[in-house]
A.B. asks: 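Dumping the structure here so I can ask a few things about it.
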Amino acid sequence: MYPSSNEHETYSHPGYVNVIPEALPSYGTPQAYAPSYINTSMRNPIRTHHWSTGLCRCLDDPGNCLVTCFCPCVTFGLIAEIVDKGTSSCTCDGAIYGTLLSLTGLACLYSCSYRSKLRAQYNLPEAPCMDFLVHFCCETCALCQEYRELKNRGFDLGIGWEANMERQRQGVTVAPVISQAMIR
């Protein structure tokens, strides 16, 4: 039942795909296979990293959740200072956010740009949907998630960018916070 030594003869079996080696084109060096739905000419690589916590895990940090619910400008200011690497202050960014929120109610237009910057810095996916929609539909959850992401990456958001960099220069490392959620 073995195929003969003739290269063009194929073995026939249900579910077996017959391939004749001479029929395959040769293009020089072998290329990595990419499914047709992946655009291999993209400039941005496929995002492989994931958010450290989910969007709706606000109660993983109840203190930040309360602050964000009642005064989101504080949380936003803390996030913006770290994402901007100290080029803007927490107070200034928080004041801009608060002003936009009180005058237009659409501070999400401002805060979604910082989510995009955060994603770009840490190669995070645009999940669960576009940054604007995440902030428009779930502003407080998005801010809480971004705060937790930076915290889990070793930043102490309460001390600002400069103090975090000073800690890093001195070699003080802060272990990432691990969620105390029940795991089975």
Side-chain angles (χ1 to χ4, degrees), residues 33-161 164 174 176-184:
Y33 170 74
S36 60
Y37 58 86
I38 295 178
N39 182 358
T40 56
S41 65
M42 293 187 309
R43 290 180 185 209
N44 294 332
I46 296 172
R47 308 264 186 228
T48 56
H49 297 109
H50 301 286
W51 290 89
S52 61
T53 62
L55 180 64
C56 297
R57 300 297 307 248
C58 298
L59 293 177
D60 285 356
D61 187 348
N64 176 253
C65 181
L66 282 172
V67 169
T68 306
C69 284
F70 292 108
C71 197
C73 56
V74 171
T75 301
F76 175 76
L78 295 170
I79 293 167
E81 182 177 358
I82 299 298
V83 170
D84 279 343
K85 298 179 179 175
T87 58
S88 61
S89 72
C90 169
T91 308
C92 180
D93 289 323
I96 293 169
Y97 181 90
T99 303
L100 286 172
L101 185 62
S102 64
L103 294 178
T104 66
L106 293 174
C108 61
L109 296 173
Y110 183 49
S111 61
C112 72
S113 65
Y114 280 87
R115 184 177 182 89
S116 297
K117 288 180 186 179
L118 177 68
R119 282 189 320 92
Q121 286 177 5
Y122 296 110
N123 200 23
L124 297 169
E126 191 170 26
C129 57
M130 295 182 343
D131 295 336
F132 171 73
L133 289 176
V134 171
H135 274 267
F136 184 75
C137 297
C138 307
E139 178 72 7
T140 54
C141 292
L143 290 174
C144 286
Q145 182 187 32
E146 293 158 19
Y147 182 92
R148 289 189 313 272
E149 186 67 34
L150 290 170
K151 189 174 175 183
N152 291 342
R153 290 182 181 269
F155 288 101
D156 181 354
L157 279 75
I159 62 173
W161 175 258
N164 275 291
V174 179
V177 177
I178 298 174
S179 173
Q180 298 296 326
M182 291 176 51
I183 300 173
R184 211 173 222 245

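Quick note: residue numbers are just sequence positions, from 1. In this text, all values refer to a predicted model and were calculated from it rather than measured experimentally.
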A.B. asks: Heavy-atom distance under 4.5 Å between the side chains of C73 and L101, does that happen here?
C.D. replies: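 The answer is no; the side chains never approach within 4.5 Å.
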
A.B. asks: I'd like to check the ring pair (Phe, Tyr, Trp, His ring centres under 6.0 Å) partners of Y147; sequence neighbours left out, ordered by chain and number.
C.D. replies: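 With sequence neighbours excluded, Y147 shows a ring pair (Phe, Tyr, Trp, His ring centres under 6.0 Å) to no residue whatsoever.
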
A.B. asks: Supply the atom-to-atom distance C65 SG to R57 CZ, rounded to the nearest 0.5 angstrom.
C.D. replies: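 C65 atom SG to R57 atom CZ measures 12.0 Å (nearest 0.5 Å).
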
A.B. asks: Yes or no on side chain to side chain contact (heavy atoms under 4.5 Å, CB included) for N64 and T75, after CA distance, side-chain angles and deciding distance?
C.D. replies: CA-CA 8 Å; N64 176 253; T75 301; 3.5 Å; yes

A.B. asks: Do you know the tightest heavy-atom contact between A80 and Y114?
C.D. replies: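 Where A80 meets Y114 most closely, the heavy atoms are CB-CE2, 3.7 Å.
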
A.B. asks: Within this structure, what is the CG-CG distance for the pair N164 and D156, rounded to the nearest 0.5 Å?
C.D. replies: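 Atom-to-atom, N164:CG and D156:CG are 6.0 Å apart.
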
A.B. asks: Main chain of P125, side chain of W51: is a donor-acceptor contact present, judged purely on distance under 3.5 Å?
C.D. replies: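 Indeed, once roles are kept as given, a pair shorter than 3.5 Å links the two residues.
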
A.B. asks: If you look only at pairs with a residue in residues 78-104, which of them pass as a salt bridge (charged side-chain N to carboxylate O under 4.0 Å, His left out), with sequence neighbours excluded?
C.D. replies: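 The answer is D84-K117.
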
A.B. asks: If you measure from CG on L78 to OG1 on T91, what distance do you get to the nearest 0.5 Å?
C.D. replies: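 The CG atom of L78 sits 9.0 Å away from the OG1 atom of T91.
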
A.B. asks: Residues in side-chain contact (heavy atoms from CB on, under 4.5 Å) with S113, at least two apart?
C.D. replies: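 So S113 forms no side-chain contact (heavy atoms from CB on, under 4.5 Å) with any residue.
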
A.B. asks: Among residues two or more places apart or on two chains, list those pairs meeting ring-ring contact (aromatic ring centres under 6.0 Å, His included) that have a residue in residues 86-109.
C.D. replies: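 Residue pairs passing ring-ring contact (aromatic ring centres under 6.0 Å, His included), neighbours aside: F76-Y97.
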
A.B. asks: Verify side chain to side chain contact (heavy atoms under 4.5 Å, CB included) between L100 and L106, making sure each step is shown before the conclusion.
C.D. replies: CA-CA 6 Å; L100 286 172; L106 293 174; over 6 Å; no

A.B. asks: Quick one: closest heavy-atom pair of N152 and S52, and the distance?
C.D. replies: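 Heavy atoms only, the tightest pair is ND2-OG, 3.0 Å.
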
A.B. asks: Which residues pass the ring pair (Phe, Tyr, Trp, His ring centres under 6.0 Å) test with F136, not counting sequence neighbours?
C.D. replies: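 With sequence neighbours excluded, F136 shows a ring pair (Phe, Tyr, Trp, His ring centres under 6.0 Å) to F132, given in chain and number order.
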
A.B. asks: Given the rule in the side chain to side chain contact (heavy atoms under 4.5 Å, CB included) test, do Q121 and V83 qualify, once you have shown the distances and angles that lead to the verdict?
C.D. replies: CA-CA 8 Å; Q121 286 177 5; V83 170; 3.9 Å; yes

A.B. asks: Rounded to the nearest 0.5 Å, what's the gap from CD on Q145 to OG1 on T140? Could you check?
C.D. replies: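 Here the rounded value is 11.5 Å.
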
A.B. asks: Could you check if a side-chain atom of T53 sits within less than 4.5 angstrom of a side-chain atom of D61, using non-hydrogen atoms only?
C.D. replies: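 They are not in contact (no side-chain heavy atoms under 4.5 Å apart), so the answer is no.
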
A.B. asks: Output the distance between atom SG (C90) and atom CD1 (I159), rounded to the nearest 0.5 Å.
C.D. replies: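 Taking SG in C90 and CD1 in I159, the distance rounds to 12.5 Å.
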
A.B. asks: Looking at every non-hydrogen atom in both residues, tell me the closest pair between S102 and T99 and how far apart they are.
C.D. replies: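 Shortest heavy-atom separation between S102 and T99 comes out as OG-O, 3.1 Å.
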
A.B. asks: What pairs of residues pass the salt bridge (charged side-chain N to carboxylate O under 4.0 Å, His left out) test when at least one of them lies in residues 129-149, not counting sequence neighbours?
C.D. replies: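 Every salt bridge (charged side-chain N to carboxylate O under 4.0 Å, His left out) pair that includes a residue of residues 129-149, provided the two are not neighbours, is R115-D131, R115-E146, R119-D131, E149-R153.
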
A.B. asks: Which pair of non-hydrogen atoms, one from L59 and one from P62, has the smallest distance, and what is that distance?
C.D. replies: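 Where L59 meets P62 most closely, the heavy atoms are O-CD, 3.5 Å.
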
A.B. asks: If you measure from CG on L143 to SG on C58, what distance do you get to the nearest 0.5 Å?
C.D. replies: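 L143 atom CG to C58 atom SG measures 9.5 Å (nearest 0.5 Å).
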
A.B. asks: Using the side-chain contact (heavy atoms from CB on, under 4.5 Å) rule, pick out the option among S111, C141, C112, P128 that qualifies with V134.
C.D. replies: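 So the option named by the test is P128.
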
